[in-house]
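Structure, as structure tokens:
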2 protein chains.
Amino acid sequence: MEYQEAKEKFISTWGSLGSLWGINKAMAQIQSLLFISTKPLSMEEIMEELKISRGNTSMNLRQLMDWGIVTKELIPGKRKEFFTTEKDVQELARHIAKERSRREIKPVIKILKDVSSIKDDGTAKTKELIKQTKALHDLAETADTMMNRIVSQDQNWLTKSLLKFIK
Amino acid sequence: MEYQEAKEKFISTWGSLGSLWGINKAMAQIQSLLFISTKPLSMEEIMEELKISRGNTSMNLRQLMDWGIVTKELIPGKRKEFFTTEKDVQELARHIAKERSRREIKPVIKILKDVSSIKDDGTAKTKELIKQTKALHDLAETADTMMNRIVSQDQNWLTKSLLKFIK
DNA sequence: CTAAACTTTCAATAATTATTGAAAGTTTGT
DNA sequence: ACAAACTTTCAATAATTATTGAAAGTTTAG
């Protein structure tokens, strides 16, 4: 496999995997492209490489910046804006985990808590609802806490923890 | 909040969260409904509760069975088929983790391996592609291995591990 | 201040994904 | 074997989500 083929394969695979970490295809592809680029890229270059429109590029770059995994880079003497992504996979994983927790998991935990706190009227179905949502709440909370511990640690704590876990 | 409201809130929240664990809305809603039901439900009952068509119900129940989290229950003397879901949250988490690994993560790891194994032609861009995809590959593999360890353990290992992790 | 260079916005459109419902298929009881 | 009771399939349609592109907005250089 040659460079060009490998590059395309990587971008399309990582792009279609976007759903796994909760972002859309274009967003994931832009991030992929920056991830393997040796230098910051301009909007023009991104549009050209991925064959997507200016509007699409602009919107998705913004979202990536909101996620905290892409940053604007101003190159002295140039008018255009350039973009780079976090290059360290662990740092990347941390950002993503943190954002997903904040955007999706925390709000759901809140609702599970509310639902599992309704008044027990003594009927079997109410008891079941309370019991099951409480179990889900506890599991979600434990997993979320774990994730947040991981993301708040120093550089190599993630790998160390995972390895410890495996052994 | 009364039972009915709490129930609807739970089903719709869990349903919209489907994307988080990689299944569609109807699938997630059917699973939610079964999860808090005190008895097995027939297709009729599911259609009625969720206001979805017979075809939709049939297809999504099948997918849930493929995922291994819903099972057909034959009630003696009755013609209809009834359905139940795994009621233990930990068992549920295990099934889901295992399926996602098999369906999505493993195939991506394979491609990352292929891409990171291309011949190093000495150029900076090839070196960068190899380096970055290798880093992703290693992270993905570690995380996947961890997940699979978790899912292959006895009943309470998950909670114990998570707690250990947190402390 | 003005014009050129560049970015953002957003209504229209395209692409994708989910849902319906009726016909075809299957199973069971008599 | 037949018919009733039930489930599955799948082409048509609806709903949702992503993408475009051109107009409006912004920034910078002179």
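Throughout, protein chains are lettered first and strands after them, A, B, ... in sequence-line order, and every chain is numbered starting at 1.
Listed nucleotides C:dC6, C:dT8, D:dT8 differ in distance to A:Ser58; the shortest reach to its side chain belongs to C:dT8.
Between the C1' atom of C:dT27 and the CD1 atom of B:Ile75 lies a distance of 18 Å, rounded to the nearest Å. The interatomic distance linking A:Glu73 (CD) with C:dT7 (P) rounds to 15 Å, in whole Å. Between B:Lys72 atom NZ and C:dT26 atom P the separation is 13 Å, expressed in whole Å. As a whole-Å value, the separation of A:Phe82 CZ from C:dC6 C1' is 12 Å. The NZ-P distance, from A:Lys80 to C:dA5, rounds to 10 Å in whole Å. Straight-line distance from the CE atom of B:Met43 to the P atom of D:dT9: 12 Å, rounded to whole Å. Going from atom CE of A:Met47 over to atom C1' of C:dA5 covers 14 Å, rounded to whole Å. Counting to the nearest Å, the C1' atom of D:dT8 and the CG atom of B:Asp66 are 14 Å from each other.
In this model, a donor atom of one side chain and an acceptor atom of the other lie less than 3.5 Å apart for A:Ser42 and A:Glu45. For the residue pair B:Thr85 and B:Gln31, a side-chain donor N or O sits within less than 3.5 Å of a side-chain acceptor on the partner. For A:Thr126 and A:Asp120, the side-chain atoms include no donor-acceptor pair closer than 3.5 Å. Neither side chain, A:Thr142 nor A:Thr145, offers a donor N or O lying under 3.5 Å from an acceptor on the other. Using a 3.5 Å distance cut-off with no hydrogens or angles, the side chains of A:Lys106 and A:Ser101 do pair a donor with an acceptor.
Partner assigned to C:dA22 is D:dT9, using Watson-Crick or G-U wobble distances below 3.5 angstrom.
We find that A:Glu141 and A:Lys113 are not joined by a salt bridge, their nearest charged nitrogen and carboxylate oxygen being 4.0 Å or further apart.
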Heavy-atom protein contacts under 4.0 Å, nucleotides 19-30 of chain D, coded B base, S sugar-phosphate only, - none: SBB-----BB--
